[in-house]
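Comments concern the structure below.
Computed from heavy atoms alone, side chains included, the values below leave out hydrogens, waters and symmetry copies. Here is the naming used below: chain letters follow the sequence lines, and residue numbers restart at 1 for every chain.
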Amino acid sequence: MADSLGLSELQKIRLRKVDQFRELGVEPYPTRTRRTHTTGEARARWYSIEKDQNDGGHDSEEITVAGRVVSRRHQGKTLFAHIHDGEGELQLYIRRDVLGDENYERALRLFDLGDFAQASGNLFMTRSGEVSLHVRDLQMLSKALNAPPEKWHGLQDVETRYRQRYADLISNAQVRAVFVMRSRIVTAIRQFLDGRGYMEVETPTLQPLYGGAAARPFITHHNALDQPFYLRIADELYLKRCMVGGFEKVYEITKDFRNEGIDRNHSPEFTMLEFYESFGDYERMMETVEQLVLHATRAVHGGPVFTYQGQEIDVTPPWPRKTLRDAIREASGVDYVAHPDQAGLMSAARAAGADIEEGTVWPRIVDEMLKQFVRPYLIQPMFLIDYPVELSPLAKRKPGDPTHVERFQPYVGGGEIGNAFTELNDPMDQYARFLEQKKDLDAGDLDAMQLDLDFINALMYGMPPAGGVGMGIDRLVMLLTDQSTIRDVILFPAMRNLPTVIGSAPAAEDVLADGN
RNA sequence: GCCCCUCUAGCUCAAUCGGCAGAGCAGUGGACUUUUAAUCCAUUGGUUCAGGGUUCGAGUCCCUGGGGGGGCACCA
C-alpha cells in the first residue's frame, strides 16, 4: 500500500519504526492522551511550588506533558529533548537508569524529530538553569513519517511554504506569530463592533446575481436547481437589505471571491469586513474606522504605534482628512475640476509628470493621478474624501456639489485599507445607475454590475439614510503584521494545482487522477 | 497576456571557463550520565523541474514546456 506513495528513504525508515512499535505491542497512534499540564502550566508550576530539597530540588509531584519533539541531543546514557506545544517548549531529561534499558533504547531509536510524545516525570532545574522534566515515562502519541524542515534555517522555499503551510508553521515561529496576530485582529474587530451595538449577520455566498463591486465573479452550478450561482464579490447589497428590514447596525466578516489576477495585494478569495450603520453618514463612519483600527492595533501592539516596512506608523485618532481634489492638486499642481474634459485633463496630468496610457477615460485619469502622485506618500493614516461622482456609482452626492459624492478611503502605510460611502438609498436613482451599468455590461465590460431588481424592490420599501464601510481584512492584517505580500497573511493561499509529491515522486493515485 | 529572475539530497545551500554532482542539518552505525544549533568517529542518500538540442563531455550553453517569485498590464 505504502509503495504507491513513492516514499523516500527517510520516510521508509520512519514507517519501519511504526511497525517496530506494533511488534512491541505498542500502538504508535494511541487514542487517548493523559496530559495534566501544558508546557506553560508546567513552567508556571515550577515557579510556584515548594521544591523538595531531599531530591535535588525536584518537584515531588509527577506531571504529564505532551507535544511535538523539536530537538534531541543524546549523550551516552542521557537524552535531552524539547517538546513543543501550543504554549511553548519544555525540555525533557531522559536517563537510561530511570527509564530502564528497554525503554531508553526505544526513546533513542524509535522517537524522531517531529513525533508527538507524552512525557511523565518531575520538574527540576538543570545546572544551566533551564526548567526541565525528569522523565519517568515516555509514550509515543503520534509517529511522524515526514522529517521536519531543517532546524536552523527553517523552511525557506516560498512555494513549499505556501503549498505545505503546515510544514511552514511547524518550522517558522514568525509565521505562526503572524497568524496568531491575524486571529487577534479579527477578534478585536468583532469585539469593537459588537460593543458599538452592531449585529453580525451572515448573507449568501452563493448568489443568483452578483453585485456590490466592480469585479468578475466565479460561476458555479447547482445540480438540483439546475441553475448557475455566482460566488459573492461583495456583501453590500444583502447588508443593505438587512437595513431595509430594520436591523440598524449590521456587519459581516466573510470571504469574497473575485476572478482576477493574483499579485501581492490580490488573492482570488479574500476576507472582507463590511459594516453599515443606519442614520449614519460618512462622517460618522470615518470616526468609527479610526476607532476600529486603533482598537485592532492595540490588540496586537498594545498601543497605537507600529512599524510597517521600516516606517513607524501612529494610528491615534483623529486622522487628517483631505479632499481628493486637494490631495491631487497639492501633489501635482493639477486641479481636475478645472479640466472637465478628457483631453484637457490628460495633457495637464502628463505635463505634471504622470505616466498615463492614451485613451484613458476621465475618471481613470483621476484615479491614476491618485495612484501616482498621492497614494505612495500617505504613510501616516489619512482619509481621502469627496470623490468625483464618475468614480463612485454607489455613493450619495454631496449636498451643494452634485459633481462629488460623500465617499472616503482610509490610507495607511501607502495603501488603501477600505472604501466607504454615505449610501445611496433612492431606489429610482439606484435603478438609473444599474441601467447605466447594464449598458456597460451589454457592451462587454465583464466587471460591470448586474441589474438587481430584487435589490431595487428592497430599496422601494425604504432604506434609512446610512453610512457603510468595506475593509479588506487581509490588507489590514498585512499592515499590522508588517507583511508585504497578501499570501503571507492567508494560511492556505490559492495556488495552481499540481500532482502532490509525498516522497521523491508523485503518488501513483495522483498521477492517475491528474490524467496528463 | 508581456518582461525579468528562479528550480541541485527530506531541509538549507555549494559546484571556477562546459571537465568525476558536494557540504551542513536530518538519517543510519558507534563513543559519551546536566546538554542548549552538544561534540567526536564512520556512513547512507541525487530523474540537478521535464523534454529536446549543441558538444568528446551539460547542473552549467541553446530551444520548448511546467512550477514559483518579482515587475508591467488588468483589477479596488
Side-chain angles (χ1 to χ4, degrees), chain A residues 6-14 16-17 56 70-82 89 91-99 104 108-109 112-114 124-130 132 134 144-164 167-168 170-172 212-216 233-234 256 258-268 270 272 355 357 364 367 370-371 375 387 391-392 394 407 409 415-419 445-447 470-472 474-475 484-485 487-488 493 495-499 501-506 516:
Chain A
L7 296 184
S8 69
E9 274 313 303
L10 291 186
Q11 292 167 324
K12 286 177 185 166
I13 288 167
R14 284 172 177 244
R16 222 169 287 139
K17 294 180 184 180
V70 292
S71 73
R72 262 159 56 92
R73 299 171 292 284
H74 62 91
Q75 189 184 328
K77 301 185 174 67
T78 342
L79 169 61
F80 287 93
H82 278 92
E89 295 186 359
Q91 179 165 262
L92 307 182
Y93 177 55
I94 300 165
R95 291 174 58 132
R96 177 167 223 129
D97 58 1
V98 174
L99 246 60
Y104 186 77
L108 213 50
R109 312 221 171 264
D112 287 300
L113 294 179
F124 74 111
M125 186 171 273
T126 62
R127 210 177 278 166
S128 47
E130 178 166 350
S132 306
H134 195 137
L145 299 182
N146 282 331
E150 209 249 6
K151 64 181 173 188
W152 191 241
H153 301 91
L155 183 62
Q156 295 296 324
D157 184 79
V158 175
E159 181 175 355
T160 310
R161 286 187 43 230
Y162 294 153
R163 288 190 187 277
Q164 303 186 36
D168 191 24
I170 286 171
S171 71
N172 294 320
R216 295 177 64 178
I233 58 171
D256 286 349
R258 298 187 185 175
N259 207 339
E260 292 161 353
I262 299 175
D263 63 35
R264 54 159 64 194
N265 287 308
H266 296 85
S267 170
F270 60 99
M272 179 70 101
D355 177 21
E357 213 174 299
R364 301 288 309 172
D367 200 34
L370 164 63
K371 272 186 194 167
R375 194 155 81 184
Y387 285 61
L391 271 178
S392 321
L394 291 170
R407 171 183 175 188
Q409 293 194 290
E416 90 213 22
I417 58 170
N419 191 18
D445 180 358
L446 297 164
D447 292 342
M471 290 184 75
D474 309 276
R475 293 204 184 156
S484 62
T485 304
R487 285 187 175 107
D488 287 331
M495 301 288 277
R496 191 178 293 273
N497 193 26
L498 282 181
V501 174
I502 292 285
S504 43
N516 27 277

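- Rounded to a whole Å, the CD atom of Gln11(A) is 13 Å from the C1' atom of A9(B).
- Base contact: Arg95(A) has a heavy atom under 4.0 Å from a base atom.
- For Ala147(A), the side-chain atoms get nearest to A26(B) when compared with the rest of A26(B), C75(B), A37(B).
- Regarding Lys12(A), its NZ atom lies at a distance of 13 Å from the C1' atom of U44(B), rounded to whole Å.
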Quick one, give me the B/S/- string for nucleotides 2-8 of chain B, reading 5' to 3', where B means a protein heavy atom under 4.0 Å from the base and S means that only happens at the primed atoms, P, OP1 or OP2.
-> -------
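- For Lys17(A), counting side-chain heavy atoms from C-beta on, the closest listed nucleotide (G69(B), C75(B), G27(B)) is G27(B).
- Arg487(A) comes within contact range of the sugar-phosphate backbone alone, with a heavy-atom separation under 4.0 Å but no base atom that close.
- At the heavy-atom level, Arg475(A) lies nowhere under 4.0 Å from the strands shown.
- The residue Gly154(A) sits close only to the backbone: its heavy atoms come under 4.0 Å of sugar-phosphate atoms, none of a base.
- Nucleic acid contact class of Asp367(A) (heavy atoms, under 4.0 Å, all strands): base.
- The separation between Tyr93(A) atom OH and U34(B) atom C1' is 5 Å, rounded to whole Å.
- Among the atoms of the strands shown, only primed sugar atoms or phosphate atoms (P, OP1, OP2) are found under 4.0 Å from some heavy atom of Glu260(A).
- Projected onto RNA chain B by closest heavy-atom contact, Leu108(A) and Pro148(A) fall at different nucleotides, the more 5' of which corresponds to Pro148(A).
- Distance Ile170(A) CD1 to C11(B) P: 13 Å, rounded to the nearest Å.
- In this structure, of G69(B), A26(B), C74(B), it is C74(B) that holds the atom nearest to the side chain of Asp263(A).
- Cation-pi contact between Arg407(A) and Tyr387(A): present, with separation from the ring centre below 6.0 Å and deviation from the ring axis of at most 45°.
- Of the candidate nucleotides U33(B), G27(B), G69(B), G69(B) has the atom lying nearest to any side-chain atom of Met495(A).
- Contacts of Ala215(A) with the nucleic acid, taken as non-hydrogen atoms under 4.0 Å apart, involve only primed sugar atoms and P, OP1 or OP2.
- The closest donor-acceptor contact from the side chain of Asn419(A) to the backbone of Met471(A) lies at 3.5 Å or more, if one exists at all.
- Using a 4.0 Å heavy-atom cutoff across all strands shown, Leu10(A) reaches at least one base atom of the nucleic acid.
- Residues Asn419(A) and Thr485(A) both approach RNA chain B. Their nearest nucleotides, taken by heavy-atom distance, put Thr485(A) toward the 5′ side.
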